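Step one of this worksheet: look at the structure below.
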Amino acid sequence: MKRLYQTVPTGCDWAVEAQGLVKTFGDHRAVDGVHLKVRTGTIYAVLGPNGAGKTTTIRMLTTLLRPDDGSARIFGYDVVKESHIVRQLIGVTGQYASVDESLSAIENLVIFSRLLGMGRKEARQRAEELLEEFSLTEAANRPLKNFSGGMRRRLDLAASLIAQPPLIFLDEPTTGLDPRTRNQMWETIRKLVNHGSTVLLTTQYLQEADELADRIAVIDRGKVVAEGTADELKASVGNSSLQLKIQHSYDMERARQIVEQVLKVRSNTSTETGRITAPMTEADRVTDLLIALREAGIHLAELSVQKPTLDEVFLTITGHGVKKDTAVDSSSAVEEVRV
Amino acid sequence: MKNISNLTVGRELKNRASVGQAVHHSLVMAYRSLLKMRRTPEQFFDVMLQPILFTLMFTYIFGGAISGNVHNYLPIIIPGILVQTVIGTSVISGVQLREDMDKGVFDRFKSLPIARIAALAGALLADTVRYTIATTLTFLMGYLMGYRPDGGLGHVVIAALFVIGCSWAISWIFAFFGVVGRTASSVQGISMLILFPLTFLSNAFVPVETMPDWLQWLAKINPVSHMITAVRDLTNAGTMGQDFALSLIGAAVIVAIFAPLTVRVYMRRA
Ligand SMILES: Nc1ncnc2c1ncn2[C@@H]1O[C@H](COP(=O)(O)OP(=O)(O)O)[C@@H](O)[C@H]1O
Ligand SMILES: [Mg+2]
């Protein structure tokens, strides 16, 4: 284990410093002036819905894409002018597995190791070590075509750790994984940092960022809309959210007004399902709310308390919800994590 | 600030791969391509079929008309078909490069601290296996049909290496289309459009003297004609003349122009 990971690079406080990064595709600004600062030895999460610009940002930081404007430094080295040095300091696990489908797991790792300057024997040894570490030894010689999503992800991560890079980028490392595999991935990421690496990951799930990251940047439409620790972010949303199901739809509007008055927050109303969702900063206020609703003669069908979803973080920070499909995604993630 | 001491990078960090490293990286990438070829031997069918088919077809169709009989035509047609087939094979390089580059693994290659040229050079280097197969089969077919090169085995080997080397150089042109093109089929289309006039408007099948003046002029300046003449000189007479030198210079010029150009475009395109 000890040999697998990199120690903290000394003498540089900031693993990533990005200033005003911009990337335009056609006339669409996918990344629109992103600032990021990641302290060495920490886990940093970039949180945002589909299409927010997470992947594009990562691709610029990892020298795969040239920024149209702005600049970024990795341990003090410029990603454009000193790209070859930057590549020696980073490991990249992209959103989609970047391994060779027609080769076996061990062949993939050996080739990457050889490219990183290892001799034949050393490369083989390193590949075996990593396969062992990621529980892939059994599948070492099988073609990747028969690998599950989780195995592919693990192999991809293994491939980015070959050179023990001090900084590791993980683009949505757990999207599409089942809860058990997701927990394993979280364990692995924590281990990386315990051994001194810095990790920058992206995610669509607040829970994941909360679970792993020291600091979080919330990104929307190519811009960082909030930045801070998980606690700071959640405090701005309420630690959990209250969900009310109203019995009669003609009461909806009045109910919403009462909720917003009593809890002093903005709420999210869905007329089709008859649900009102609101951030809950103080549990005590709920008593007041229930009394107020009773006095107004509004009948509830259901009442529940939920951990905040990305949807609520977004609503609070940006004043608009995330796109429908992502909202569904993030709330189903809540369910899975709770299991 | 820049004093990063870590396990991996005990040495000083350099912002360029050295020439030695570039060669090493290219060889590893070539090894990767060879591994992939071994997984899908089907891909060699067309490379093997074309020399056999073309040699038989063209020799028996044109033999009598051009040289009186098949036997006398062999010293003319075998070098012609050889060059045509092997250059034709180099088109596959560009098409495959396009297909390969669309795969996720190329993102990893780009994010590794390796020489930028390695991914391209490696793939093209491995493709010389294809040229070698095509070359060997063409000479073999010629032999079976009664071709006995007067230049001797030594010169036949030199001719083979010469054709393989030149085709490798030419494959950089198709690699360029491969990198520029949007899809594999568009790359194939453009490459064929260039390949056909280049190989047929030459002295491959008929003596240039039988062509109309304007075509003669074209066929004579066509670099492929020079290559074919160089091969005929080698296999039939065992000599290396002006055409041999011109072809090699041409090949070097192609690499000097298209290799950096292709790498540049490859780096630009996300
Ligand atoms: N190569 C590309 N060409 C055109 N548009 C792109 C390209 N890559 C990304 N985009 C667009 O840029 C926006 C941000 O994409 P992306 O960075 O992938 O977001 P995320 O990773 O947060 O889901 C999206 O609207 C996407 O459609
Ligand atoms: Mg993405």
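All values derive from a computational prediction rather than experimental measurement. Proteins come first, then strands; the chains are lettered A, B, ... in the order of their sequence lines, and each starts at number 1.
- No other option in Ala159(A), Gly117(A), Pro143(A), Gly94(A) has as many heavy-atom pairs under 4.5 Å with chain B as Ala159(A).
- For Glu101(A), no part lies under 4.5 angstrom from a heavy atom of chain B.
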Next on the checklist: For a side-chain contact (heavy atoms from CB on, under 4.5 Å) check, start with the C-alpha distance between Leu89(A) and Leu13(B), then their side-chain angles and the critical distance, and finish with the verdict.
Outcome noted: CA-CA 9 Å; Leu89(A) 299 169; Leu13(B) 291 170; 4.1 Å; yes
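- Using modelled atom types, one finds no donor on one side chain facing an acceptor on the other under 3.5 Å when comparing Glu172(A) with Thr202(A).
- Looking at Ala17(B), both its backbone and its side chain come within 4.5 Å of chain A, counting heavy atoms on both sides.
- The side-chain contact (heavy atoms from CB on, under 4.5 Å) check on Arg130(B) picks up Met37(B), Gln43(B), Phe44(B), Val47(B), Thr89(B), Ile92(B), Gln96(B), Asp127(B), with sequence neighbours excluded.
- In this structure, Arg152(A) does not pair ionically with Asp156(A), as no charged nitrogen and carboxylate oxygen lie closer than 4.0 Å.
- Between chain B and the options Arg66(A), Glu107(A), Lys81(A), heavy-atom pairs under 4.5 Å are most frequent for Glu107(A).
- For chain B, the nearby part of Thr63(A) is the side chain; its heavy atoms alone come within less than 4.5 Å.
- Judged as a salt bridge (Lys or Arg N to Asp or Glu O under 4.0 Å), the pairs with a partner in residues 32-46 of chain A (not counting sequence neighbours) are, in order, Arg29(A)-Asp32(A), Asp32(A)-Lys223(A).
- Contacts with chain A were tallied for Lys103(B), Met29(B), Arg38(B), Lys36(B); Lys36(B) has the most, counting heavy-atom pairs under 4.5 Å.
- Side chain to side chain, Asp171(A) and Thr55(A) meet the donor-acceptor criterion of an N or O pair below 3.5 Å.
- Proximity to chain A (any heavy atom under 4.5 Å) is restricted, for Phe109(B), to the side chain, taken from C-beta onward.
- Residue His24(B) touches chain A through its side chain alone, counting heavy-atom pairs closer than 4.5 Å.
- Side-chain contact of Thr138(B) with Thr55(B): a donor-acceptor pair under 3.5 Å is absent, judged by distance alone.
- By number of non-hydrogen pairs under 4.5 angstrom with chain A, the leading residue of Arg32(B), Arg39(B), Arg16(B), Arg108(B) is Arg108(B).
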